[in-house]
Novice: 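Handing you a structure now.
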Amino acid sequence: MKLQQQELIALDNSLKLKFKNFYSGESNGMFHTKYPHARLLFCIDCNEGSFLEDGGGRIFLQRGMWLLVPPFAEIRHCHLKHQRLSIHFNFSMLHGMEILSCFAFTQHGIAPELLPLAESMNTGAIEPMQFLNGAHLLVRTILHRLVQMPEFE
């Protein structure tokens with residue numbers, strides 16, 4: 001299906017990302033966190049034993065894994081010299097945050113094709129505008145995968 005220019009502009013305007021925070025680098029330790037916005041975590045490199053728990057079970061982290069944490073979800077995460085990229089955001093799509101809030105638990109998957117982008121963002125090897133474009137690409141790609149899941153059919 002080919003979208004018309006007006007439809008593309010309307011779609012883009014309906015999905016305005018509002019970034020709240022970014023974290024890239026190495027973390028080590030056990031943390032409990034809860035935020036009023038969504039978080040996209042991307043595992044760049046992690047040692048065996050790193051995990052995330054959100055009440056729905058323990059998710060063992062692996063290289064190339066993405067995790068989408070819904071707003072107000074309390075998670076416990078354990079990082080053992082874990083390289084990660086964390087993007088905190090809201091988005092303005094009609095009922096967008098409600099869609100994410102309907103998930104009781106963290107959604108996750110593997111996206112090795114996004115790993116080079118996340119690695120470049122993590123090392124600071126790109127300019128600020130490239131970082132923001134990369135953040136947009138990562139979040140939009142994962143949101144697209146999320147709405148492709150069977151729960152939305």
Side-chain angles (χ1 to χ4, degrees), residues 14-153:
S14 73
L15 184 57
K16 289 293 184 194
L17 292 172
K18 298 177 190 307
F19 294 115
K20 299 294 184 181
N21 196 12
F22 301 103
Y23 175 80
S24 64
E26 182 177 290
S27 56
N28 195 14
M30 188 168 298
F31 310 95
H32 280 154
T33 58
K34 181 177 180 178
Y35 293 100
H37 49 263
R39 291 172 278 169
L40 175 65
L41 308 174
F42 200 92
C43 302
I44 296 167
D45 197 16
C46 55
N47 291 334
E48 193 174 315
S50 295
F51 65 87
L52 179 140
E53 287 181 335
D54 63 358
R58 186 172 281 188
I59 302 166
F60 287 96
L61 306 177
Q62 49 188 303
R63 182 172 165 79
M65 178 179 270
W66 59 266
L67 301 108
L68 186 61
V69 182
F72 298 105
E74 184 171 350
I75 61 171
R76 181 170 76 111
H77 36 119
C78 175
H79 304 289
L80 305 171
K81 295 198 178 207
H82 177 78
Q83 291 284 331
R84 67 186 171 98
L85 177 65
S86 180
I87 302 170
H88 297 225
F89 69 96
N90 284 322
F91 67 101
S92 61
M93 187 175 118
L94 182 62
H95 306 297
M97 295 309 286
E98 290 87 351
I99 290 170
L100 291 182
S101 296
C102 78
F103 289 101
F105 305 112
T106 299
Q107 302 299 305
H108 62 281
I110 302 286
E113 71 281 5
L114 297 174
L115 196 53
L117 174 60
E119 286 174 324
S120 69
M121 292 171 70
N122 187 53
T123 61
I126 60 177
E127 299 296 323
M129 283 304 293
Q130 289 175 312
F131 185 95
L132 289 175
N133 286 336
H136 274 274
L137 180 60
L138 288 174
V139 171
R140 287 172 185 255
T141 299
I142 299 309
L143 289 174
H144 177 75
R145 288 183 185 185
L146 182 69
V147 297
Q148 299 283 321
M149 295 176 121
E151 295 86 43
F152 283 96
E153 292 178 355

Novice: Does the side chain of Pro36 reach to within under 4.5 Å of the side chain of Phe72, using non-hydrogen atoms?
Specialist: yes
Novice: Looking at OG1 of Thr106 and CG of Asp54, how far apart are the two atoms once the value is rounded to the nearest 0.5 Å?
Specialist: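 Atom-to-atom, Thr106:OG1 and Asp54:CG are 3.5 Å apart.
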Novice: Testing the basics here: between Leu67 and Cys43, what is the closest heavy-atom pair and its distance to 0.1 Å?
Specialist: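 That would be CD1-SG, 3.9 Å.
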Novice: Roughly how far apart are Arg145 CZ and Ile142 CD1, rounded to 0.5 Å?
Specialist: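 Output value for this atom pair is 5.0 Å.
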Novice: Which heavy atom of Cys46 sits nearest a heavy atom of Leu61, and at what distance?
Specialist: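 That closest heavy-atom pairing would be SG-O, 3.3 Å.
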Novice: Supply the atom-to-atom distance Arg76 CZ to Phe51 CZ, rounded to the nearest 0.5 angstrom.
Specialist: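 These two atoms lie 4.0 Å from each other.
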Novice: Any non-hydrogen side-chain atom of Leu143 less than 4.5 Å from a side-chain atom of Leu68?
Specialist: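 The answer is yes, as the side chains (C-beta and beyond) meet within the 4.5 Å cut-off.
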Novice: Suppose we screen for side chain to side chain donor-acceptor pair (under 3.5 Å). Which residues come up paired with Asp45, at least two apart in sequence or across chains?
Specialist: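 If we apply the side chain to side chain donor-acceptor pair (under 3.5 Å) test to Asp45, skipping adjacent residues, there are no hits.
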Novice: What pair of heavy atoms forms the shortest contact from Leu41 to Val69, and how long is it?
Specialist: CD1-CG2, 4.2 Å
Novice: Does any pair with a residue in residues 125-137 pass salt bridge (Lys or Arg N to Asp or Glu O under 4.0 Å), and if so which ones, sequence neighbours excluded?
Specialist: none
Novice: Could you tell me if the side chain of Leu114 sits less than 4.5 Å from the side chain of Phe42, heavy atoms only?
Specialist: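 Yes; the side chains approach each other to less than 4.5 Å.
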Novice: Test of understanding: with side chain to side chain contact (heavy atoms under 4.5 Å, CB included), list the residues that count as partners of Tyr35, not counting sequence neighbours.
Specialist: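 For Tyr35 the side chain to side chain contact (heavy atoms under 4.5 Å, CB included) partners, ignoring immediate neighbours, are Thr33, His37, Arg39, His88.
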Novice: Return the set of residues passing side chain to side chain contact (heavy atoms under 4.5 Å, CB included) with Phe22 (not counting sequence neighbours), or none when no residue passes.
Specialist: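 Per chain and number, Phe22 pairs via side chain to side chain contact (heavy atoms under 4.5 Å, CB included) with Phe19, Ile87, Phe131, Leu132, Ala135.
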Novice: Would you say the side chain of Met65 lies within less than 4.5 Å of the side chain of Ile59, judging by non-hydrogen atoms?
Specialist: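 When only atoms from C-beta onward are counted, Met65 and Ile59 do touch, with a gap below 4.5 Å.
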Novice: Locate the shortest heavy-atom distance separating Met121 from Ser24; write the atom from each residue and the value.
Specialist: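 Looking at all heavy atoms of both residues, the shortest contact is O-OG, 4.1 Å.
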Novice: Please enumerate all residues that pass side chain to side chain contact (heavy atoms under 4.5 Å, CB included) together with Ser120, with sequence neighbours excluded.
Specialist: Leu117, Ile126
Novice: Working to the nearest 0.5 Å, report the span between CD of Glu53 and CD1 of Ile75.
Specialist: 10.5 Å
Novice: Under the rule for side chain to side chain donor-acceptor pair (under 3.5 Å), what residues qualify as partners of Glu119, not counting sequence neighbours?
Specialist: Arg63
